[in-house]
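See below for the structure under consideration.
Proteins come first, then strands; the chains are lettered A, B, ... in the order of their sequence lines, and each starts at number 1. Just so we're clear, the structure is a prediction, and the values are computed from it rather than from any experiment.
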2 protein chains.
Amino acid sequence: MIHINIDRKTSCSLSRQIYDALKEAILFGTIQPGEKLPSTRELAKYLNVARNVVIECYEQLAAEGYVYSKNGAGTYACDGVRFHPLEKDTAAKGGSNEKYSPQYEVSFRTGIPDLAEIPIKRWAQIYQRIALDIKPSQLDYQDPFGDYRLRTQLSLYLNRARGAQTAPKNILITNGAAQSFHLLCGLIAQNEYALVENPLSFGILHTLCANSVNMEPIYMDEQGMVTAALPDKPPKLIFTTPSHQFPTGVILPAGRRIEMIKYARRQNAYIVEDDYDSEFRFDGSPIQSMQFLDPQRVIYVGTFSKTLMPALRLGYMVVPDELCEKMREAKYVADLHSPILEQLVLGDFLERGLFERHIRKMRKLYLKKRNALVGSLRQSFGERVKISGAEAGLHFIAAFEGVHFHEGLMKKIEENGVQISAVSQHCLSEKTKSQYDQGLIFGYGNTTMEDIDRGVKILSRVIKGER
Amino acid sequence: MIHINIDRKTSCSLSRQIYDALKEAILFGTIQPGEKLPSTRELAKYLNVARNVVIECYEQLAAEGYVYSKNGAGTYACDGVRFHPLEKDTAAKGGSNEKYSPQYEVSFRTGIPDLAEIPIKRWAQIYQRIALDIKPSQLDYQDPFGDYRLRTQLSLYLNRARGAQTAPKNILITNGAAQSFHLLCGLIAQNEYALVENPLSFGILHTLCANSVNMEPIYMDEQGMVTAALPDKPPKLIFTTPSHQFPTGVILPAGRRIEMIKYARRQNAYIVEDDYDSEFRFDGSPIQSMQFLDPQRVIYVGTFSKTLMPALRLGYMVVPDELCEKMREAKYVADLHSPILEQLVLGDFLERGLFERHIRKMRKLYLKKRNALVGSLRQSFGERVKISGAEAGLHFIAAFEGVHFHEGLMKKIEENGVQISAVSQHCLSEKTKSQYDQGLIFGYGNTTMEDIDRGVKILSRVIKGER
DNA sequence: GTCCATTAGTACGAACAAATT
DNA sequence: TAATTTGTTCGTACTAATGGA
């Protein structure tokens with residue numbers, strides 16, 4: 001008779017304990033294939049448990065194919081279930097969320113909004129209200145394009161605030177701009193290619209690389225992408241950030257926009273307008289979207305990561321009619337559709353004007369920070385620093401006269417506790433790298449006034465030590 | 001002097017109205033490239049508005065590159081901004097979420113939980129609590145694998161309830177099983193292929209097709225995938241539903257599981273265990289996961305769409321150590337990471353045992369429904385219906401003696417207001433199609449007792465009319 | 001917040017039918 | 001035929017947790 005240790009004090013049920021022991025015995029070969037197991041009565045008596053307990057565990061073993069029972073004949077171990085001793089997973093080592101983002105004393109990371117100012121309370125209130133009077137059918141699978149009410153509100157907002165030409169049917173809700181780019185990559189076949197700005201954001205670069213999309217960088221001047229340099233070979237997509245080029249901050253002027261659209265039409269290409277932070281323009285209204293000029297050639301990509309919060313993972317694309325079906329399929333295959341509840345909350349947020357109010361509030365705050373940072377840099381570096389692209393967004397470029405941000409210097413800055421990236425790190429060619437190697441990208445969205453002060457002081461010390 | 005209609009009653013600002021009019025004039029060519037615009041003083045006087053209004057709008061036009069101003073010389077339209085008349089989007093036609101799911105009188109759609117029983121209130125309460133004491137840093141971008149606390153809880157749950165061998169570091173939070181499959185497809189190169197069960201679920205079929213993955217179907221018998229028929233050519237992935245095969249409901253016995261794992265080891269393939277509804281087993285505990293037998297060869301795919309709600313779009317994968325980095329990269333490229341707030345809520349939900357309680361509650365409810373449906377079918381069809389795979393999950397198969405569910409009959413059923421699918425629709429070959437053509441798949445998760453009654457009555461009428 | 005009735009989970013015991021040796 | 005074994009269905013008891021007043 002097989003011996004089984006039974007512990008009546010543990011929270012684990014008796015039948016589970018016997019089940020585990022028997023299964024292990026069968027897998028290890030202690031109980032041979034075809035061997036008869038003790039009868040339920042016998043084992044129950046031997047172990048001093050109720051027969052029902054043994055029956056329950058024999059049934060489970062039978063259901064999983066370890067044993068088979070024959071009425072009147074007994075229970076036998078199945079063939080072919082001998083197996084190697086299980087490798088128990090060695091001690092689950094500790095971990096946490098914190099580990100993901102290394103800690104710096106001051107961070108000028110780009111693209112992060114002020115996390116302390118996120119209207120999370122208001123957001124949660126609306127979430128609760130929405131959840132309380134939701135219809136069960138809304139908790140079912142939904143349209144891959146997303147919630148219709150949100151798309152309606154978004155369409156109104158985009159028409160109003162960004163001068164875009166959209167209808168709800170063209171708006172595809174995604175899990176942030178990263179997913180939008182990922183889905184768009186699906187449009188590009190292996191032998192086709194995409195045009196990108198140079199320098200460009202890591203986000204697009206990384207997405208395109210990982211999806212093994214061929215890229216052709218386009219030279220930029222102080223007006224943005226040089227449309228005269230557009231190649232003859234027809235691209236499939238043209239990735240651009242016309243309202244506030246990343247990282248240079250340049251605004252693509254109307255003339256070049258039109259040229260680019262004409263080019264796209266000629267080459268039968270689509271323009272991907274990455275409008276990642278245009279909501280925050282400090283003088284005048286936001287620059288109008290490029291999509292406005294030709295809704296059938298321009299795919300507009302927006303995100304709520306900067307305006308609300310990165311953790312939300314909500315963004316959207318305005319898709320030309322011709323691409324709607326393809327994009328619907330792509331989104332469906334990727335993850336069916338984006339989560340619904342927070343879409344409903346966002347729709348409400350927009351409808352009540354809370355979103356635009358929040359933007360206005362944040363614009364003021366970011367303006368303050370920008371001015372403080374510019375002031376701080378001026379104070380430390382005087383005329384030896386040249387700032388550009390600061391009219392909008394959550395970052396700008398500062399070029400330091402006579403300083404070259406090579407790898408060693410960047411490492412030194414990091415070692416001194418400042419997180420910041422150099423423009424040259426975003427360049428695709430050696431030529432552009434050296435063209436931009438005096439520039440740092442200052443993201444100030446999630447900095448405090450103290451951060452700004454301290455960060456510039458540290459930078460000043462390190463840079464001046466270098467010179 | 002250009003004429004501009006100004007409406008002081010509208011909510012649109014004066015400068016916006018002037019801006020729009022001027023921009024249109026430039027784009028249409030009413031104002032020629034290089035033409036001098038009226039001076040700010042002149043235009044302000046003419047339109048009877050303050051000069052600042054005109055200045056603001058000239059600045060905006062300049063920022064966007066439509067005009068340029070020279071100190072002392074005036075403002076001129078830029079070159080190259082003439083453009084076609086804008087095609088105004090024709091009337092945004094109406095739409096709504098409802099349109100997405102066509103209405104049936106009774107739906108036996110598979111894989112839908114009881115939407116009316118979702119603990120949405122409790123969920124919303126926790127959401128609010130979580131949101132109120134969240135740290136700002138948690139609203140930042142996070143680890144692609146997901147929230148660590150949720151992964152810890154999930155790992156405990158899986159070990160406890162599914163007998164899986166996991167550590168938090170191996171758990172990747174995804175936007176539902178569909179995304180898990182999508183990410184896994186990235187492991188398969190163009191010249192490689194995947195093994196699938198036949199018949200199989202639309203979900204996997206569709207994902208694999210759309211990602212242009214080559215598939216090889218494996219024959220099944222009453223015990224599930226016939227492991228003796230595994231091909232010599234090494235596959236990359238083997239997709240399987242061992243706990244409750246979709247759609248047949250068969251449980252893959254231990255012997256075959258072990259054979260399959262040995263095969264996978266020999267061929268250096270990975271097994272994808274799609275555990276889509278095993279939580280709901282009606283007699284005994286759920287069938288133990290296959291992942292338990294070899295955590296380094298089996299990728300376990302789970303979802304909360306059936307246990308909580310489809311609209312949530314949350315699922316997970318248990319990834320072998322060797323694949324962690326690849327999967328991290330794949331998830332990062334797809335959408336950086338899954339939304340955080342609802343992950344936190346889910347983690348709390350699990351930690352408090354609310355999740356398991358909910359499962360227990362639902363298991364009872366589903367058992368009731370299953371029994372009612374089986375009873376109803378028995379009553380209508382007596383011994384002429386054979387039911388299989390009903391021991392677990394939210395669906396089972398009913399085979400009707402002497403009835404063949406060809407396209408015409410399926411259409412007739414649909415026309416009579418019943419949504420249901422035939423087993424043969426899930427088959428990949430003609431041979432299997434005819435083998436299974438007497439079976440319907442009854443999903444009863446989101447049906448009411450009345451639905452069940454009514455649905456069976458309608459089916460009975462249609463099927464008997466056919467015979 | 002507290003108390004109380006209810007419910008769910010686990011374990012036990014007993015009885016009987018059906019199949020097997 | 002008798003003894004043994006599984007399959008099935010009761011009822012009871014104890015405990016912990018839940019939900020409502």
Does C/dG9 have OP1 or OP2 sitting under 4.0 Å from an N or O in the side chain of A/R16? no
Just distance, no hydrogens or angles: give the donor-acceptor pairs under 3.5 Å from side chains in residues 37-53 of chain A, sequence neighbours left out.
unit_1	atom_1	unit_2	atom_2	d
A/S39	OG	A/E42	N	3.1
A/T40	OG1	A/R51	NE	3.0

d(NZ, A/K45; P, C/dA14) in whole Å: 12 Å
Checking ring-ring contact (aromatic ring centres under 6.0 Å, His included) between B/Y366 and each of B/F396, B/F282, B/F280, which is the one that passes? B/F280
Over 12 non-hydrogen atoms of neighbours within 6.0 angstrom of CD in A/Q32: yes
Rounding to a whole Å, what distance do you find between B/H358:NE2 and D/dA17:C1'? 17 Å
Protein-nucleotide distance (B/K361, atom NZ; D/dT18, atom C1'), rounded to Å: 12 Å
Would you say A/L139 and A/I340 make side-chain contact, with heavy atoms under 4.5 Å? no
Answer with yes or no after comparing the ring centroid distance for B/H426 and B/Y436 against a 6.0 Å cut-off, counting only values under it. no
Given C/dG9, D/dC10, D/dT6, the nucleotide with the shortest approach to the side chain of B/K364: C/dG9
Counting neighbours of NZ on A/K36 that are heavy atoms of other residues, nucleotides or ligands and sit closer than 6.0 Å, is the number greater than 12? yes
Tell me what A/R8 touches on the nucleic acid: a base, only sugar-phosphate, or nothing, going by heavy atoms under 4.0 Å. sugar-phosphate
Does D/dT1 have a Watson-Crick or wobble mate here (both distances under 3.5 Å), and if so which one? none
Return whichever of A/Y76 or B/R363 has its heavy-atom-nearest nucleotide of DNA chain C closer to the 5' end. B/R363
Comparing A/S11 with A/R51, nearest DNA chain C nucleotide closer to 5' gives the residue A/S11
Is there a side-chain contact between B/L341 and A/I120 in this structure, where contact means two heavy atoms from C-beta onward sitting under 4.5 Å apart? yes
note: A/E56, atom CD; D/dT8, atom C1'; distance rounded to Å ~ 14 Å
B/R352 has an atom CZ; how far is it from atom C1' of D/dT18, in whole Å? 15 Å
Can you give me the N/O atom pairs linking the protein to nucleotides 17-19 of chain C at distances under 3.5 Å, or say none if there are none?
unit_1	atom_1	unit_2	atom_2	d
C/dA18	N3	A/N71	OD1	3.3

Could I get a table of every N or O pair under 3.5 Å where one atom is in the protein and the other is in nucleotides 13-15 of chain D?
none

Does A/S69 have a side-chain nitrogen or oxygen under 4.0 Å from the phosphate oxygens OP1 or OP2 of D/dT6? no
From CG of A/L14 across to C1' of C/dC12 the rounded distance in Å is 10 Å
Less than 4.0 angstrom between a side-chain N/O of A/T75 and OP1 or OP2 of D/dT6, yes or no? yes
Before accepting this row, confirm whether a basic side-chain N of the pair B/D453/B/K457 lies closer than 4.0 Å to the acidic partner's carboxylate O. yes
Side-chain donor-acceptor pair under 3.5 Å between A/Q60 and A/E56, yes or no? no
May I have the distance from A/I55 (atom CD1) to C/dT10 (atom C1'), rounded to whole angstrom? 15 Å
Can you establish whether the number of heavy atoms outside A/R122 located under 6.0 Å from its atom CZ is more than 12? no
Short side-chain N/O contact from B/R360 to OP1 or OP2 of C/dA8, under 4.0 Å: no
Send over the distance from A/K36 NZ to D/dT4 P, rounded to a whole Å. 12 Å
